[in-house]
Amino acid sequence: DLSLGTSLLVGLVAMTGWFLSGLAIEPIQDSYQHLKQFTADASHELRNPIALIQTNVQVALADPELEMPEQRQQLEVIERLTQRLGRLVDDLLFLARQDSGMLEIDYQPCPLDAVLMEVVEDQRALATSKGVHLHLHLEETGAETVPSEEPFSVIGDYDQLVRLFTNLVSNGIQYTPAEGRVRVTLKQSLRQGIPYLKAMVEDEGLGIPAEAIPHVFDRFYRADPARQRSLIPATQQPVSSGKVMGTGLGLAIAQAICHNHQGQMSVSSRLQQGTLFTVTLPQQLSRKIDVKSAPSEE
Ligand code: ADP
């Protein structure tokens, strides 16, 4: 019921505080093995109650006897916040694992065109609901950059590459008004004889102010003041839009994944005209991967 949901949520927030404070001090205090166990435990401890709240709220919302509109509204607020908390925990765990070198990366020959097709199809519903036109272009140069059956192949972790581009494409859609376009383009290119793939995500949205550009990859950074709404008490937030707020970690994660694949990411933007994110990934890895190092500023 509602009070159970609320008390579970309060408990979860307290536990998240405990987890975050642990994240801050643990790396200096304890051994690598201890940290590994801590992260695994924290992941389990935080994910389970979140899933439990989500199930309880969904059951309560599906109850045909739930007639009071205020109760429904409160439950929807809990559902939305729990969803957001779930995303935040997932994103924080990703970065905690990245920082401590515990992120498992499954390097395999990986078709980047398939990655982008999957991302675009997954994001199509969001684009349609916002009236944004979403396009994907694959541009083969004709020159065989890597002798392979698969011209858009990179060595990488499929799921992580999906996560990288999902963050970029969903941002593009989120910040573009209705009737605007988001274009995803994949090209082959050669740089000093080394074959690269260039993936671009270009939107016709709000743009990013020049002074904010150096910070967009920072953790928890948000350039758009309207998004500070998330600081308003949950009950005062509009629930009708059903919009899930971002965590402010999407671009930090995208950059970390790019770094893990020896790639580079850049951004250029014009206010009220749009933003272009360019990700450049080598088709073959040039050096031994060291995932324990923190991402460098690129
Ligand atoms: P969030 O979860 O807030 O989207 P991100 O790390 O993905 O977090 O992005 C950080 C900030 O960069 C956003 O809050 C927004 O201010 C800005 N930003 C990211 N992508 C875009 C874009 N395509 N257009 C305009 N602003 C963007």
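We count ligands from 1, going down the list as the structure has it; atoms in each ligand are counted the same way.
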May I ask you to check whether [X] has an N/O atom sitting below 3.5 Å from an N/O atom of ligand 1?
| X | result |
| --- | --- |
| L251 | yes |
| G248 | yes |
| G250 | yes |

Review point. Which one holds for D203 and ligand 1: side chain close, backbone close, both close, or neither close, with close meaning a heavy atom under 4.0 Å?
Key: side chain
Practice item. Check each heavy atom of Y221 against ligand 1 and say whether those closer than 4.0 Å belong to the side chain, the backbone, both or neither. Key: backbone
**Study point:** From N56 atom CG to E79 atom CD, the distance as rounded to the nearest 0.5 Å
**Key:** 12.0 Å
**Study point:** Smallest separation among heavy atoms of G156 and L161, with atom names
**Key:** CA-CD1, 4.3 Å
Exercise for review: Tell me, please: is A254 in heavy-atom contact with ligand 1, that is, under 4.0 Å?
Suggested key: no
Review point. Would L206 count as a contact of ligand 1 if the rule is a heavy atom under 4.0 Å away?
Key: no
Check your understanding: When you look at NZ of K130, are more than 12 heavy atoms from neighbouring residues, nucleotides or ligands closer to it than 6.0 Å?
Key -> yes
Check your understanding: Are the side chains of V154 and H261 in touch, meaning some heavy atoms are under 4.5 Å apart?
Key -> no
Practice item. Check whether any side-chain heavy atom of N167 sits under 4.5 Å from a side-chain heavy atom of L251, and report yes or no. Key: no
Review point. Which word best sums up how the rings of H135 and H133 line up, parallel for under 30°, tilted for 30 to 60°, or perpendicular for over 60°?
Key: parallel
Practice item. Tell me which one of L271, V216, T176, I208 gets a heavy atom nearest to atom 25 (C) of ligand 1. Key: I208
Practice item. Report, in ascending order of atom number, the atoms of ligand 1 lying under 4.0 Å from any heavy atom of G207. Key: 25 (C)
Exercise for review: Within a distance under 4.0 Å of any heavy atom of T275, pick out the atoms of ligand 1 and give their elements.
Suggested key: 24 (N)
Review point. Is it true that R163 and D90 make a salt bridge, defined as a side-chain N closer than 4.0 Å to a carboxylate O?
Key: no
